[in-house]
Amino acid sequence: MELFLLALLVMAAGALVSAAIALFPVTAARNKVADILGPVTAVAACLLGLAGIFSGEWAATEYRVMPWGLPFGAFALALDSLTRLFLLPVFVLGGTCALSGGISLRQSDPTEHNLGAHWLFFLILLLGMTLVMSARDAVLFMLSWELMSLSPFFLIDFNDRDRSVQDASWVYLVAAHLGAMALIAFFALLWQESGSTLFSEMALARHGHVTALFMLALLGFGAKAGLVPLHVWLPEAHPAAPSHVSALLSGAMLNAGVYGIIRSFDFFGNPQTFPLWWGWIVTAVGIATAVTGILKALGQTNLKRLLAYSSVENMGVILLGLGAGLIGAGRGEAWMTALGFSGCLFHMLNHSAFKGLLFLCAGEVLHSTGTVNMSQLGGLQRRMPFLGTLFALGAASIACMPPFNGFMGEFVLSLSLIGGLSLPGMEEKIGVLVCMTGLMLVSGLSAAVYIKSYSMTFLGEARSQCSVEPHTTSPVFQLPLLIPAAACVIGGLGAQWAFGMVEQAMTCIPTLPDSLKTVSIAADENAGALLGKTALFCTGGLVLLVSFTVLRRLLLLRQGIRRGPTWGCGYQYGSARMQYSPASFVEPAARLFASVMGTTMRRHEDAAYFPGHDSLSVKAPDVVQTKFYTPVFEWMRRLCNSLKIIQNGAVNIYVLYILITLVVLLVWGMA
Amino acid sequence: MDSGLQYFLQFGAALVLAPLVPGIINRVKAKFGGRHGKPLLQLYFDLAKLFAKGEVISTTATWIFSAGPVISLTTVVMALALLPLGGVPSPFAFRGDFILCAYLLGMGRFATVLAAMDTGSPFEGMGASREALFGALAEPVLFLCFLSLISTATSMGMKADFSLSMLFNGFALDAWLHGRPELVLLTFVMGILLLVENCRIPVDDPTTHLELTMIHEVMVLDHSGPNLAFILYASAVKLWVFCSLFAGLLVPVLPVWAQTVLTFGVIFAAAVIIGVIESTMARLRMHIVPALIGLSGSVAAFVLILTLVR
């Protein structure tokens, strides 16, 4: 616990020093200092934090209340296995992103940005996330939630001269605060009913409006996690932010939404007494989010936007596991409960690993080519083999390919859903099976999405000049990316060990009754053993792979390999522009899923006897945004504009308002 | 004889006999077409020839291109090792191994498609795009089949650990004979999956002369030498995997030698049926294929609901 508190202090101190640097005008020297100081403190704090969470027994709960100057609330922090589990990606990714970001910012124009300010908000974001996961008091939680929600606004707005970046940060800010509004209402209700802001007291009190509380929590935390239809900020914010920030936001901050939902179960009592439809709501939202997210991802041309939609999909899958856990708990199905909850947590860890890796890779691509528009990329595997291989690893992991970690998470979730076949009701069985089928469709489509993103960016021929001659940096600068890449492999081949951490966190999710608890732990141990068998079998497969590779090499000893041009099927004038493009690759899918993907094609051709100018444009706007949010906000803008009659700027009218208010108050006071 | 040894004998037999299945299909097609046709063992000759050759690799390609066939062969052999191949459960069987099996086949597809994209050829991109979509659509259908079997087993009061070795080892026919006639529809679904996953007519025509209309064959245009041999052999083994899933639904529990013989017989019979289908049908238009997969998916869902009603 002391090491953990020290980590918090280091973050705060680093933020203060960065703030001091940020106050002075930008010079190259100051930026250089800030860009060394910021990452170094972040990495140091993350290492201390990791030491902190691993120092105690993983399952032990350490609780600490400290005085603070505020008249209400308390500075109550705790580390239990759930908190430790959620802090793991925060610290690992936090350190990695700080390293990678520090390196990539060194290569930018030294006076263009105020790097002191950038690292200030980066450290505040880290501090906010750490406090959110460990706070045990509502006031402290909301304060750190605001720290965590506000600082990304400034981080996203890094390239603030770009109009689209400004818009994106506004969208983020609005979304973050609409979510926070629901959370303030949530905690205010809890406070009112229990008379205390401490989580432990709130958990003990019996609440009347549990359903209202549950909906508020789902709304508030769901907005952070990016659940459909509250996901629209993600595909705006992630492409606009610098990549090390997007990696941290996607890999660690979204988890805060999931963490919040799980933590809020503490306040509703025993999950066996939850209305069963809660579980079904969570499951339905989860599967809807997953399917929408992956289909939207399939339609994207911008690599970072694609990754953002894929985060939406993964959050949906995580929520699906949570829903399965809730349904199982309501029905007393230990296998489904245990595997649902632990599948949710396991997939959360895995998602942090591969999404962090992929966003950092996308950042390197952006850095060396100047674009993440996949229709201009291609052929980077040959020019940057190290980066390409890392991206391939991340893509295979996120597309749930064995033996990597994505598959292991999906395996646990599938086992949980299959366990749903022993639910009593026919409708329930069908509901679970629909989810299972949906999950399989999602994983199949995610393979298509990552085939598309990897092959359009790294394989084939360069589609434009910017990827013909990328400004390649030394692979040494890409070394931090090995950390999440290693996590992907460990989560796969060492799945049993990684699952052990999840298993212990699972027992502290909700207050499971003891009868279900022991069975759940047994179920999880059983699943852990299955993961072990899977990993062992896959290791055997790797041996087989190596031997086939050696066999091929031996066979080739005699005749060798010759190089030649790609076979053009008899056509001699092939060019790089004739390759399949991101839009054409998904054309068959776009036909089939047009309503969700929202892909529209417009073709202009000169209608003449001989072929002339011809152009095709393919767009995939977010239907939820264009059909719902834009009209709603437009309507609100008009409403606010119409209120301008009251606020017209004339001082004498304002004096009249004061007079009227006084008169009304006097009348009210006398009556 | 020890059951582990028996399994490895069957496994070896499957690996050796796998190239025979495409041979049978081609013979049947030749007979239907009134041609003399290729010899039955043509694929063996092709493999031997290709193994002795060198490779020509595109200047565009990277290691992904060379790794594709090796990975797809590995995954398909691993998937085969999880299946019961005739009366003996796989020694690798564990609860939920069907998930691993399906994803291993998915991994093979992933590697093949990436290898195709690595050449930068528009033709191969065409095949890759189709394969990625059809693969994604076929995956839920395969799981609906698995789930129907599991649901039957659950409703019959079996609490065993569900693995491929349990579900595809005489269980289906047994359940069918004990009043579960809906399971017979699964053979239809599995048959369609067999055609879709192995790129046979009516989904894909492996022998057409026009690259524009292909799926699998166009993806491997640039491969040559040992890598092409790996691809040909991997697709033969994949065909064997799906045929033995098909056989697993139809073969009853018998003494081991009889069940093995019958399973292998059903697999060769399936090859003959594929040959007949390929000779009598034309390839469907590309945008009809999702409808075909959808049809098999609806049938599988229907079976699943029937198994739940009881």
Side-chain angles (χ1 to χ4, degrees), chain A residues 381-382 385 392 396 399-402 407 411 414-415 418 421-422 426 429-430 433 436-437 440-441 443-445 447-448 451 454-455 459-461 530 533-534 537 541 544-545 548-549 552 555-556 559-569 574 576 578-580 584-585 587-589 591-592, chain B residues 51 53-60 62 64 70-71 73-75 77-78 92 94-96 99-100 103-104 106-107 110 113-114 117-123 125-126 128-130 132-133 135-137 139-140 143-144 147 150-151 154 211 221-222 225-227 230 286-287 290 304-305 308-309:
Chain A
Q381 173 75 42
R382 233 170 346 134
C400 303
M401 293 302 153
F407 167 73
F411 181 73
S414 310
L415 283 181
I418 290 171
L421 274 175
S422 45
M426 170 84 179
K429 282 183 193 169
I430 293 183
L433 292 173
M436 178 74 195
T437 319
M440 290 306 123
L441 181 67
S443 73
L445 286 172
I451 287 172
Y454 176 63
S455 59
L459 300 181
E461 292 285 355
L530 291 181
K533 277 185 191 168
T534 313
F537 187 69
L544 198 63
L545 182 69
F548 279 141
T549 314
R552 172 169 171 265
L555 288 170
L556 284 174
Q559 298 271 353
I561 295 175
R562 272 187 302 136
R563 288 276 176 174
T566 299
W567 168 238
C569 301
M578 282 176 65
Q579 289 177 94
Y580 254 46
S584 53
F585 186 80
E587 193 267 351
R591 260 171 210 263
L592 201 60
Chain B
F51 275 133
K53 287 197 171 230
E55 281 184 16
V56 182
I57 294 183
S58 161
T59 40
T60 313
T62 62
I64 297 278
V70 182
I71 294 178
L73 179 59
T74 311
T75 53
V77 170
M78 285 167 79
F92 306 108
F94 57 89
R95 182 173 186 170
I99 306 174
L100 179 62
Y103 278 88
L104 278 172
M107 175 78 196
F110 191 76
V113 171
L114 283 184
M117 294 302 291
D118 199 14
T119 59
S121 150
F123 292 101
M126 205 175 280
S129 153
R130 292 168 183 162
L133 175 67
L137 294 179
E139 194 155 324
F143 267 88
L144 283 174
L147 289 174
I150 294 171
S151 148
T154 320
E211 292 89 351
L221 276 179
D222 260 88
N227 255 351
F230 283 159
M286 282 302 168
H287 68 270
L304 183 53
I305 291 174
L308 287 177
V309 170

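In what follows, chains are A, B, ... by sequence order, proteins preceding strands, each numbered from 1.
Proximity to chain B involves both the backbone and the side chain of A:Phe411, based on heavy atoms less than 4.5 angstrom apart. Interface residue B:Ile99: backbone and side-chain heavy atoms are both found under 4.5 Å from chain A. Both the backbone and the side chain of B:Thr60 have a heavy atom closer than 4.5 Å to some heavy atom of chain A. Both the backbone and the side chain of B:Leu114 come within contact range of chain A, each with at least one heavy atom under 4.5 Å from a heavy atom of that chain. Only the side chain of B:Val77 comes within contact range of chain A, judged by heavy atoms closer than 4.5 Å. Looking at A:Leu441, the atoms closer than 4.5 Å to chain B (heavy atoms on both sides) sit in the backbone and in the side chain alike. Interface remark: B:Phe123 contributes side-chain atoms only to the contact with chain A (heavy atom separation under 4.5 Å). Of the atoms belonging to A:Ala576, not a single heavy atom falls under 4.5 Å from chain B. Only the side chain of B:Phe143 comes within contact range of chain A, with heavy atoms under 4.5 Å apart. Within the 4.5 angstrom heavy-atom criterion, only side-chain atoms of B:Leu304, from C-beta onward, approach chain A. For a residue to count as touching a neighbouring chain, one of its non-hydrogen atoms must lie under 4.5 Å from one of that chain's; by this rule B:Asp118 touches chain A with backbone and side chain alike.
Contact count against chain B (heavy-atom pairs under 4.5 Å) is highest for A:Gln559 among A:Met578, A:Glu587, A:Gln559, A:Met436. Contact tally against chain A (heavy-atom pairs below 4.5 Å) for B:Gly106, B:Ser121, B:Pro122: the top residue is B:Pro122. In terms of non-hydrogen atom pairs under 4.5 Å with chain A, the most contact-rich of B:Val309, B:Leu73, B:Thr119, B:Leu100 is B:Leu100. Heavy-atom pairs under 4.5 Å with chain B peak, among A:Cys400, A:Gly564, A:Gly444, at A:Gly564. Ranking B:Ala136, B:Pro226, B:Ser129 against chain A, the residue ahead of the rest is B:Ser129, based on heavy-atom pairs under 4.5 Å. With chain A as partner, the option from B:Glu139, B:Met286, B:Lys53, B:Met78 having the largest number of non-hydrogen pairs under 4.5 angstrom is B:Met78. With chain B as partner, the option from A:Ile430, A:Leu445, A:Leu530 having the largest number of non-hydrogen pairs under 4.5 angstrom is A:Leu530. Listed options B:Pro140, B:Gly225, B:Ala132 were ranked by heavy-atom pairs under 4.5 angstrom with chain A; first place goes to B:Pro140.
Using a 4.5 Å heavy-atom threshold, the side chains of B:Ile71 and A:Phe548 count as separate.
Without hydrogens or angle criteria, A:Arg563 side chain to B:Val56 main chain gives no donor-acceptor distance under 3.5 Å.
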